[in-house]
Amino acid sequence: MEWFSRKSIKRVRRMLRTLRSNDLTLRIPEENLRGAERELAEEINDLINDLRKKLLKQERRSEQLEALINTIDAALIVADYDGEILFMNQKAVNGLCGFRINNLSSLDTLHKGLCQNMLTLVPGQSKLVAINKNGKEIQLKISMVKYRVDGHDTLLFSIENVNGLMLQNEIEAQRKLVSVITHEIMNSLSPIISLSETLYESVSNEDEDTRIALNVIKQRSTGLLSFVENYRKLARLAPPKYNWTKIGELFEDLRKLYSAPYIRYEIEDIDLEVRIDRQQIVQVLINVVKNAVEACSSNPLVIVTAKVDYPSRKFIISVLDNGTGISAEAKERIFIPFYTTKPSGSGIGLSLSRQIVIMHGGSLYLDSSEDVGSKFIISLPCVYKK
């Protein structure tokens, strides 16, 4: 035991220091020890092995918990009362900043007023806050809960992008209203058209004024019926029928219709397959590219790009034109059904396209950060395969 006391005390102390720092790689050599010395060394080594197993188990649990938290479709931020950030999940990093920050105040450099809105929240309260990201207004729902850790108050913020949900609710309400209105209008218009045709045939040629009036009634009723039928397209849009589609084939369908030399296609990976409703997305692309072409005047240029953002699992398509751009008033209304700035436009193309994209779980919006022309962005959550 004298040898152990003299030669091993330093080693044991060194091992204790490493244990405090969670370094569990060291062990006491047992080969040259005997009796009580060997038993003590074995006991210490067994303790280290047990601690190593417990630490590895905790690390695995922490990794699993972090992976689970990162799958939550909400930005989570844990901070203290001074705003110092203790934890951010991946959604918070990617969705709010693009990088990790140390204090909530840093959010104000990216989204003015966001930090103040968060710190003035009452536990259990929710607040809607609008921010501008990449030229697009985003509605955030922010809520906060307070709990204590080691005697200190800690704040957990949950931040959700509710743009998609608000649009879905708006569109669903619109579809129900349109369904009721169109049903009633069409039930009234059909007999009016039929009656005007019958009366027109029964009126003599000498009664020209009556024939003209009946013909006007028929024409206006038929026009109104066509108008209402367009409304029905919005209310009767079929759900997507998903299938695997190569990106190259998707844009080949579009090229057949829009092959002018001033339309440039920049497709990142033509062999990549995405799971979408090919016919519906092609219709969206036709509507958006048609608008872009019509927006151009002299020296037209339309650039269509497509790529997959793998970290966020988004299929991103953008259509940029060099036209005169869209007025501030029109930017607020372009997705409203039947709103159009074109003399011969129906005003349902963009509205219908947005509905299709939303039914795919994505978004279609105008990037207003462009100084010249207009840029529409289609973002689709995609399951893809190589």
Side-chain angles (χ1 to χ4, degrees), residues 94-95 98 133-136 163-164 167 237-326 334-335 349-386:
N94 296 337
K133 186 177 181 183
N134 300 326
K136 177 188 175 186
N163 270 29
L167 277 173
L237 185 62
K241 295 180 180 179
Y242 294 100
N243 51 70
W244 289 107
T245 302
K246 283 189 176 182
I247 293 178
E249 293 175 355
L250 177 69
F251 282 90
E252 190 59 35
D253 292 345
L254 188 64
R255 275 195 177 100
K256 292 174 184 176
L257 295 170
Y258 294 98
S259 57
Y262 62 82
I263 302 177
R264 209 163 70 208
Y265 293 90
E266 299 176 356
I267 316 303
E268 191 174 79
D269 186 350
I270 61 172
D271 293 321
L272 186 72
E273 294 186 46
V274 292
R275 193 167 178 270
I276 56 174
D277 185 318
R278 176 170 171 173
Q279 296 304 319
Q280 286 192 355
I281 297 303
V282 167
Q283 186 60 52
V284 171
L285 293 174
I286 289 172
N287 288 338
V288 177
V289 172
K290 178 174 178 288
N291 281 350
V293 170
E294 291 174 351
C296 297
S297 52
S298 59
N299 299 318
L301 176 63
V302 176
I303 303 173
V304 182
T305 63
K307 64 179 181 179
V308 173
D309 180 26
Y310 289 95
S312 64
R313 300 182 72 88
K314 298 285 187 183
F315 179 31
I316 310 294
I317 303 169
S318 67
V319 180
L320 172 67
D321 66 65
N322 66 343
T324 56
I326 298 175
I334 53 173
F335 293 108
L350 285 177
S351 178
L352 193 64
S353 296
R354 177 177 253 186
Q355 281 202 39
I356 291 172
V357 173
I358 289 174
M359 288 173 68
H360 276 73
S363 61
L364 167 61
Y365 60 94
L366 172 66
D367 183 355
S368 58
S369 65
E370 294 297 319
D371 294 328
V372 179
S374 302
K375 183 178 183 181
F376 285 88
I377 296 178
I378 302 163
S379 175
L380 297 167
C382 70
V383 178
Y384 51 82
K385 67 177 182 178
K386 280 283 190 180

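As the structure is a prediction and not an experimental result, all values here were calculated from the model.
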>> Is there a side-chain contact between Tyr365 and Val357 in this structure, where contact means two heavy atoms from C-beta onward sitting under 4.5 Å apart?
In response: no
> Is the side chain of Asn322 donor-acceptor paired with the backbone N or O of Asn299 at a distance under 3.5 Å, no angle test?
Replying inline: yes
>> More than 12 heavy atoms of other residues, nucleotides or ligands under 6.0 Å from CD1 of Ile270: yes or no?
In response: no
> Can you list every pair that meets salt bridge (Lys or Arg N to Asp or Glu O under 4.0 Å) and has a residue in residues 256-265, with sequence neighbours left out?
Replying inline: Arg264-Glu266
>> Check whether Asp321 reaches the backbone of Ser374 with its side chain - one donor and one acceptor, N or O, closer than 3.5 Å.
In response: yes
> Quick one: are Asp269 and Val308 in side-chain contact, heavy atoms under 4.5 Å?
Replying inline: no
> Between atom CG of Asp309 and atom CD of Glu268, what is the distance when rounded to the nearest 0.5 Å?
Replying inline: 9.5 Å
>> Does any part of the side chain of Asp271, heavy atoms only, come nearer than 4.5 Å to the side chain of Lys246, both counted from C-beta?
In response: yes
> Quick one: side chain to side chain contact (heavy atoms under 4.5 Å, CB included) partners of Pro240, sequence neighbours excluded?
Replying inline: Tyr242, Asp277, Gln280, Met359, His360
> Taking all non-hydrogen atoms of both residues, which atom of Leu320 and which atom of Lys375 are closest, and how far apart?
Replying inline: CD1-CB, 3.8 Å
>> Quick check: do Ile317 and Val284 have side-chain heavy atoms less than 4.5 Å from each other?
In response: no
> With a 4.5 Å limit on heavy-atom distance, are the side chains of Leu285 and Tyr258 in contact?
Replying inline: no
>> Tell me every residue that passes side chain to side chain donor-acceptor pair (under 3.5 Å) with Thr305, counting only those two or more places apart in sequence or in another chain.
In response: Ser318
>> Could you report the tightest heavy-atom contact between Tyr262 and Pro300, atom names first, then the distance?
In response: CB-O, 3.1 Å
> Rounded to the nearest 0.5 Å, how far apart are CG of Leu272 and NZ of Lys307?
Replying inline: 14.0 Å
>> With rounding to the nearest 0.5 angstrom, report the CG to CD distance, Asn243 to Glu273.
In response: 10.0 Å
>> Quick check: do Ile286 and Leu254 have side-chain heavy atoms less than 4.5 Å from each other?
In response: yes
> What distance separates Ile326 CD1 from Ile334 CD1, expressed to the nearest 0.5 Å?
Replying inline: 4.5 Å
> How long is the gap from CD on Gln283 to CG on Asp253, to the nearest 0.5 Å?
Replying inline: 11.5 Å
> Are Ile281 and Leu380 close enough that some pair of their side-chain heavy atoms sits under 4.5 Å apart?
Replying inline: yes
> Would you say the side chain of Phe376 lies within less than 4.5 Å of the side chain of Leu350, judging by non-hydrogen atoms?
Replying inline: yes
>> Using 0.5 Å steps for rounding, measure from the CD1 atom of Ile276 to the CH2 atom of Trp244.
In response: 10.5 Å
